[in-house]
Visitor: 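First, the structure itself, so that you have it in front of you.
Everything numeric here is computed off the predicted structure, so don't read it as measured data. Values reported hereafter were calculated over all heavy atoms of this structure, with side chains retained and with hydrogens, waters and symmetry mates removed. Below, chains carry the letters A, B, ... as their sequence lines are ordered, and counting in each starts from 1.
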2 protein chains.
Amino acid sequence: MAVLRLARRLRAERADDSLSDGQFAVLAILSVHGPHALGALAERERVTAPSMNRTVNCLESAGYVRREADEDDARRVRILLTDAGIDLVAETVRRRDAWLDAVLDSLPEADREAVARAVPLLEVIAAR
Amino acid sequence: MAVLRLARRLRAERADDSLSDGQFAVLAILSVHGPHALGALAERERVTAPSMNRTVNCLESAGYVRREADEDDARRVRILLTDAGIDLVAETVRRRDAWLDAVLDSLPEADREAVARAVPLLEVIAAR
DNA sequence: TATTGTTATACTCTATAACTATA
DNA sequence: TATAGTTATAGAGTATAACAATA
């Protein structure tokens, strides 16, 4: 329950309220893992290709991603962040970090260490 | 990121795939905090009254909640879990616990303790 | 013939506005 | 007149089915 509640709180801290969670998730993937084909994005987010196509269209209209032709296979497209997309991700990370920093600063040092020790374990659990 | 990912993984462990996250959240509230008026449910979940009304209608049709007239104020309704709703919450909790138990069992004792120490801190952080 | 991306269409969830009944 | 709940209608987001281009 604590994890579900905190996730909800974190999602509220974003840099552009006009974008949905799913749209942000795509920007985050592109930021961390680099350019993707449409199908690869759909698979990572576990949505259908048409659904991801719509999400990418929205992000493209907003100027946060662009499509490039794939050099080797003309059927495929490369979807990548624009400069505006890179900035938006950085700003959102900055806001979340700022919020978390403020909360963590209010905790005693021992509690901060306890949280820090648990984070890699949560990563392991989520990966299962 | 770890929290967001784990929350997503946990939401996947449910006892009835035909119900949405929002519908489950209402069952969880009724289970933990008892019967609620429609407006109180809407406020807790931060959705509008019409939206919550629809959610409650779905849960009522599915047989998981029922409406009772409020004794003191004829405008209000009491929304509460049916026996089937109580069972569904218990089964979902059981499944999530079983999944978490299996994952935690694979960790060394020191890691389990580290996770246990962090949980109340995540509660505190999420409450901010 | 299979694969990648796209378009067409429908369904779910949420929202705002308007309505009913009680206080 | 204000409040609690409901109904009517519209806007996102996702899904399946069908289509176009390429391998």
Side-chain angles (χ1 to χ4, degrees), chain A residues 4 7-8 11-12 14 16-30 33-80 88, chain B residues 4 7-8 11-12 14 16-30 33-81:
Chain A
L4 293 173
R8 185 173 183 170
R11 275 196 297 270
R14 52 176 62 156
D16 182 345
D17 275 340
S18 68
L19 294 188
S20 70
D21 286 343
Q23 290 166 354
F24 262 115
V26 169
L27 296 183
I29 288 173
L30 296 176
H33 298 102
H36 278 61
L38 184 77
L41 277 181
E43 191 174 1
R44 260 190 194 275
E45 279 299 288
R46 298 183 197 181
V47 296
T48 58
S51 179
M52 182 53 71
N53 189 54
R54 188 190 172 102
T55 298
V56 169
N57 285 343
C58 289
L59 292 172
E60 195 176 29
S61 299
Y64 295 131
V65 306
R66 60 192 171 84
R67 284 172 162 94
E68 270 186 3
D70 185 294
E71 296 175 350
D72 302 327
D73 186 337
R75 294 173 304 181
R76 312 184 74 160
V77 292
R78 266 166 57 91
I79 297 154
L80 59 161
L88 185 72
Chain B
L4 294 173
R8 184 173 182 172
R11 276 195 297 270
R14 53 175 63 152
D16 183 344
D17 275 340
S18 69
L19 294 189
S20 70
D21 285 345
Q23 290 166 356
F24 262 115
V26 169
L27 296 183
I29 288 173
L30 296 177
H33 299 102
H36 279 60
L38 184 78
L41 276 181
E43 190 174 1
R44 261 191 194 272
E45 278 300 286
R46 298 183 196 182
V47 296
T48 58
S51 180
M52 182 55 71
N53 189 54
R54 186 191 172 100
T55 298
V56 169
N57 286 342
C58 289
L59 292 172
E60 194 176 30
S61 299
Y64 295 131
V65 306
R66 61 191 169 84
R67 285 173 161 91
E68 270 186 4
D70 186 294
E71 295 175 352
D72 301 328
D73 185 339
R75 294 174 303 180
R76 311 184 76 161
V77 292
R78 267 166 55 91
I79 297 154
L80 60 160
L81 292 178

Visitor: Could you tabulate the donor-acceptor pairs under 3.5 Å formed by side-chain atoms of residues 38-54 of chain B, not counting sequence neighbours?
Guide:
| residue | atom | partner | partner atom | Å |
| --- | --- | --- | --- | --- |
| B:Arg44 | NE | B:His36 | NE2 | 3.0 |
| B:Thr48 | OG1 | B:Ser51 | N | 3.4 |
| B:Asn53 | OD1 | B:Arg67 | NH2 | 2.9 |

Visitor: If I compare all heavy atoms of A:Asp73 with all of A:Asp70, which pair ends up nearest, and what's the gap?
Guide: N-OD1, 3.0 Å

Visitor: Can you tell me how far apart CG (A:Leu19) and OH (A:Tyr64) are? Round to the nearest 0.5 Å.
Guide: 5.5 Å

Visitor: Can you find a heavy atom in the side chain of A:Leu27 that is under 4.5 Å from one in the side chain of A:Val65?
Guide: yes

Visitor: Taking atom CG of B:Leu4 and atom CZ of A:Arg8, what is their separation to the nearest 0.5 Å?
Guide: 13.5 Å

Visitor: Does anything in residues 53-61 of chain B reach DNA chain C, meaning a heavy atom under 4.0 Å, and if so which residues?
Guide: B:Arg54, B:Thr55

Visitor: Under 4.0 Å from any heavy atom of chain A: name the first and the last nucleotide of DNA chain D that qualifies, 5' to 3'.
Guide: D:dG13 to D:dA23

Visitor: In Å and rounded to the nearest 0.5 Å, what is the CD1 to CG distance from A:Ile79 to A:Leu59?
Guide: 9.5 Å

Visitor: In whole angstroms, how far is the C1' atom of C:dG5 from the NE2 atom of A:His36?
Guide: 16 Å

Visitor: Quick one: OG1 on B:Thr55 to CD on B:Glu60, what's the gap to the nearest 0.5 Å?
Guide: 12.5 Å

Visitor: Quick one: side-chain contact (heavy atoms from CB on, under 4.5 Å) partners of B:Asp21, sequence neighbours excluded?
Guide: B:Arg11, B:Arg14

Visitor: Are any non-hydrogen side-chain atoms of A:Leu30 and A:Leu80 less than 4.5 angstrom apart?
Guide: no

Visitor: Taking N or O atoms only and anything under 3.5 Å, show me the protein contacts with nucleotides 15-22 of chain C, one pair per line.
Guide:
| residue | atom | partner | partner atom | Å |
| --- | --- | --- | --- | --- |
| C:dA15 | OP2 | B:Thr48 | N | 2.9 |
| C:dA15 | OP2 | B:Thr48 | OG1 | 3.1 |

Visitor: Taking the side chain as C-beta and beyond, is there a heavy-atom pair between A:Gln23 and A:Val26 under 4.5 Å?
Guide: no

Visitor: Using atom CG of A:Leu38 as one end and atom P of C:dT7 as the other, report the distance to the nearest whole Å.
Guide: 11 Å

Visitor: Nearest heavy-atom pair of A:Phe24 and A:Leu88: which atoms, and what distance?
Guide: CE2-CD2, 4.2 Å

Visitor: Give the residues of residues 20-30 of chain A touching DNA chain C, defined as any heavy atom closer than 4.0 Å, sorted by residue number.
Guide: none

